[in-house]
Amino acid sequence: MALVKKDLLLEIRQQYTFYGVLLYVASTIFVLYLAMEHPEDKVWNGLFWMIQLFICVNAVAKSFLAESRGRMLYFYTIAGARDFVLSKLLFNAMLMIVMSLVSMLLFMVLMGNPINNPWTFTGIVCLGGCSLSLVFTFLAAIAARAQQNAALMAIMGFPLIIPQLMLLMKISSVAFADVIQAGLGQLIALLAGLDILVILLTVILFPFLWKD
């Protein structure tokens, strides 16, 4: 928790990064509103999750880039690799949930509100934001240690994130229907299983990267 508190305090002190992401979210959604105003349900849903993808890249991918080599050596002496990476996963998940909820509110205000089950959609947005943050934190950890940040994240991220985005769009489409469809629980369980798998892979692989 001390490492999570450290990241939170740094984010509060360096508010320009947080407000920069908020400005990106607001301006992107406003441009979509000017171009499309009130799109149909499927388009609304697809645009929303694509925006979440770009928000996650901007908000989460920088988490390991801000850590210099000297600071990493310091953390190596006071904390274990698993504690360090778990703190990053937790902080980025909280940050992405906040950003996802803000973007959802802006979408509803500017792009219309075609959602029939808002509380269901809100829960899916929180779960989806957390899932995206876990994947990109995992990728950022690998890319940062390999010293090829942008290239590696693009190469590794595409095959990992596309199936997850498709699953999120399928799950969230339930919130646009008048009746909750069967199979929602299985899809959410599949998404949760993927999240657990990403966490396990991160916890297992990061200590090897940490030693390098």
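Listed here is the closest heavy atom pair of P114 and D41: CB-OD1, 3.1 Å. Contact record, V135 with Q164: CG2-OE1, 3.3 Å, taken as the closest heavy-atom pair. Minimum interatomic distance between V25 and S103 (heavy atoms only, all atoms of both residues): CG1-CB, 3.7 Å. Closest approach of G112 and H38 over heavy atoms only: N-CD2, 3.3 Å.
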From CA spacing to verdict: side-chain contact (heavy atoms from CB on, under 4.5 Å), N117, V174: CA-CA 8 Å; N117 301 287; V174 175; 5.7 Å; no

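Between L95 and S133, every side-chain heavy-atom pair lies at or beyond the 4.5 Å cut-off. In this structure the side chain of L187 never reaches within 4.5 angstrom of the side chain of L191, judged on heavy atoms. Taking 4.5 Å as the limit, some side-chain heavy atom of F30 sits within range of a side-chain heavy atom of L34. Side-chain atoms of K88 and T202, non-hydrogen and from C-beta on, never get closer than 4.5 Å to each other. Counting heavy atoms from C-beta on, the side chains of F138 and L205 come closer than 4.5 Å. Using a 4.5 Å heavy-atom threshold, the side chains of I55 and S100 count as separate. A heavy-atom distance below 4.5 Å is found between the side chains of L47 and M36. Side-chain contact between I196 and L200 is present, with heavy atoms from C-beta onward closer than 4.5 Å.
Within the model, atoms CG of L32 and CD1 of I51 stand 5.0 Å from one another, a figure rounded to the nearest 0.5 Å. Considering SG of C56 and CG of L165, their distance stands at 9.5 Å, rounded to 0.5 Å. The line from NZ of K170 to CG of L167 is 9.0 Å long, rounded to the nearest 0.5 Å. How far CG of N113 is from CG of L110: 12.0 Å, rounded to the nearest 0.5 Å. Between the CD atom in Q52 and the CG atom in L132 there is a gap of 7.5 Å [rounded to 0.5 Å]. Note: L134 CG to M96 CE = 11.0 Å, rounded to the nearest 0.5 Å.
V57 and M50 fall within a single hydrophobic cluster, where Ile, Leu, Val, Met, Phe, Trp and Tyr are joined by side-chain heavy atoms under 4.5 Å apart, directly or via other members. Neither L105 nor Y24 shares a network with the other; the hydrophobic side chains, linked directly or stepwise wherever heavy atoms of I, L, V, M, F, W or Y lie under 4.5 Å apart, form separate groups for each. M104 and L23 sit in two unconnected hydrophobic clusters of ILVMFWY residues. Membership requires side-chain heavy atoms under 4.5 Å apart, directly or through other members.
Looking only at atom types and distance, the side chain of N45 has no donor-acceptor partner in the side chain of S173 under 3.5 Å away.
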Please output the side-chain donor-acceptor pairs of residues 121-131 that fall under 3.5 Å, not counting sequence neighbours, one pair per line with the distance.
from, atom 1, to, atom 2, distance (Å)
T122, OG1, P118, O, 2.8
S131, OG, L127, O, 2.9
S131, OG, D195, OD1, 2.9
S131, OG, D195, OD2, 2.7

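Every residue meeting the ring pair (Phe, Tyr, Trp, His ring centres under 6.0 Å) condition with F107, not counting sequence neighbours, appears here in chain and number order: W44, F48.
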